[in-house]
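Step one of this worksheet: look at the structure below.
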Amino acid sequence: MRESLYLWYWKMPEVRAIISGMVADVFGEGYGLEGDKARQQKTNRFLRKNCFNRYGKSVLRDALISGDGYLGKASLTESQVFEAMDSIYGNVFNKSADTLTEQTKQNVMNKVLSIKPDIYSPKVLFPLMSRSIHIKYDVHGKVTGYVQRPKNTSTAFATSKNPSMDRPDSYAYGQMGSSEGVEFLPEEVIHFPYEPVGDQIYGNSPLQTAIYDVISLWYAKSYGGLFFQNNATPSFIFSLPDDSPDSQNYKK
């Protein structure tokens, strides 16, 4: 269904106009930030650096078409900080930080956090196309991760060192990157499901509920286009200069 929703988005200017209008309504007048002035300035610098206005529109547009929008956020994790600390500790003392007691490790990590309170804050934002994202969750509905498998159905990728157009099997269509995809931790992705109902993990597309109206409009326009393309000539015509209104031909 997702693929067909994107297909109709690209085929129908009316659909694109409506979705573009909704996106413009949200981002047109900007957005406000709460908190003290210093924090607002810092946040605004971060948003400008990460092209949030452009990425935000992309994520919202995705959510309106497919029902789901995804914004990736890259940030340091505690394990990465500890790995860096282990490397420094090894270079200076020729020992591994793993030899430290758990209490000492935690004390050092707490000291790092007190010196640099925003060390775990997001550093980079990036949009993730909903068509390429699959959500992993357990039996209770708790999200355990996100897997990205990008696709491009209009591009061919060589599957051998010497691809040839005479051998179609030397190309693969539609799959980019590894077949397993790239996995993200739950805290690395902000998921915007559009109007989820009940215990739904994925959102619902407003376009999906109108799909039959969209298709009907498309076929009506397609029929009208073909009609005029063929000189707008009707299949038959009545010429009744002398018939009275009561005649059978006139009634037909």
Show me, pair by pair, the donor-acceptor contacts under 3.5 angstrom made by side chains of residues 44-53, not counting sequence neighbours?
residue, atom, partner, partner atom, Å
Asn44, ND2, Gln40, O, 3.2
Asn50, OD1, Leu125, N, 2.8
Asn50, ND2, Phe46, O, 2.9

- Note on the structure: Applying side chain to side chain contact (heavy atoms under 4.5 Å, CB included) to Ala24 and not counting sequence neighbours gives none

- Check whether any side-chain N or O of Asn231 sits under 3.5 Å from a backbone N or O of Thr233 as a donor-acceptor pair, and report yes or no. no

- Message: Applying a strict under-4.5 Å side-chain criterion to I, L, V, M, F, W and Y, I'd like to know whether Trp10 and Met22 cluster together.
- Response: yes

- Message: Please enumerate all residues that pass side chain to side chain contact (heavy atoms under 4.5 Å, CB included) together with Asn107, with sequence neighbours excluded.
- Response: Gln103

- Query: Which residues satisfy the side-chain hydrogen bond (donor to acceptor under 3.5 Å, both in side chains) test with Ser130, sequence neighbours excluded?
  - Reply: Tyr6, Asp62, Ser66

- Item | Residues which pass side chain to side chain contact (heavy atoms under 4.5 Å, CB included) with Arg39, listed by chain and number, not counting sequence neighbours | Asp36

- Ignoring hydrogens and geometry, is there a side-chain-to-backbone donor-acceptor pair from Thr144 to Lys136 under 3.5 Å? yes

- Task: Hey, could you give me the CG/CZ distance between Leu128 and Phe184, rounded to the nearest 0.5 Å?
- Result: 5.0 Å

- Item | For Lys37, all residues meeting side chain to side chain contact (heavy atoms under 4.5 Å, CB included), sequence neighbours excluded | Gln41

Let me check something: any side-chain donor-acceptor pairs from residues 236-248 under 3.5 Å, sequence neighbours excluded? List them with distances.
residue, atom, partner, partner atom, Å
Asp243, OD2, Ser247, OG, 3.1
Ser247, OG, Ser244, O, 3.1
Ser247, OG, Tyr250, N, 3.2

Quick one: side chains of residues 190-205, donor-acceptor pairs under 3.5 Å with protein atoms, not counting sequence neighbours, listed by atom name and distance.
residue, atom, partner, partner atom, Å
His191, NE2, Asp68, OD1, 2.7
Gln200, OE1, Val197, N, 2.9
Gln200, OE1, Asn204, ND2, 2.8
Tyr202, OH, Ile135, N, 2.9
Asn204, ND2, Glu195, O, 2.8
Ser205, OG, Leu64, O, 3.4
Ser205, OG, Ile65, O, 2.6
Ser205, OG, Leu207, N, 3.1
Ser205, OG, Gln208, N, 3.4

- Residues that Lys42 engages under side-chain hydrogen bond (donor to acceptor under 3.5 Å, both in side chains), provided they are two or more places apart: Asp118

- Tyr137 atom OH, neighbour heavy-atom count above 12 within 6.0 Å: no

Could you list the donor-acceptor pairs under 3.5 angstrom formed by side chains in residues 211-219, with sequence neighbours left out?
residue, atom, partner, partner atom, Å
Ser216, OG, Tyr212, O, 2.8

- Item | Counterpart residues, side-chain hydrogen bond (donor to acceptor under 3.5 Å, both in side chains), relative to Glu14 (two or more places apart) | Lys221

- Item | Those residues that, when tested against Lys11, pass side-chain hydrogen bond (donor to acceptor under 3.5 Å, both in side chains) (two or more places apart) | none

- Query: If we only count heavy atoms from C-beta on, is the Trp8 to Val15 side-chain gap below 4.5 Å?
  - Reply: no

- Are Val59 and Val26 in one and the same hydrophobic cluster, where Ile, Leu, Val, Met, Phe, Trp and Tyr link if side-chain heavy atoms are under 4.5 Å apart? yes

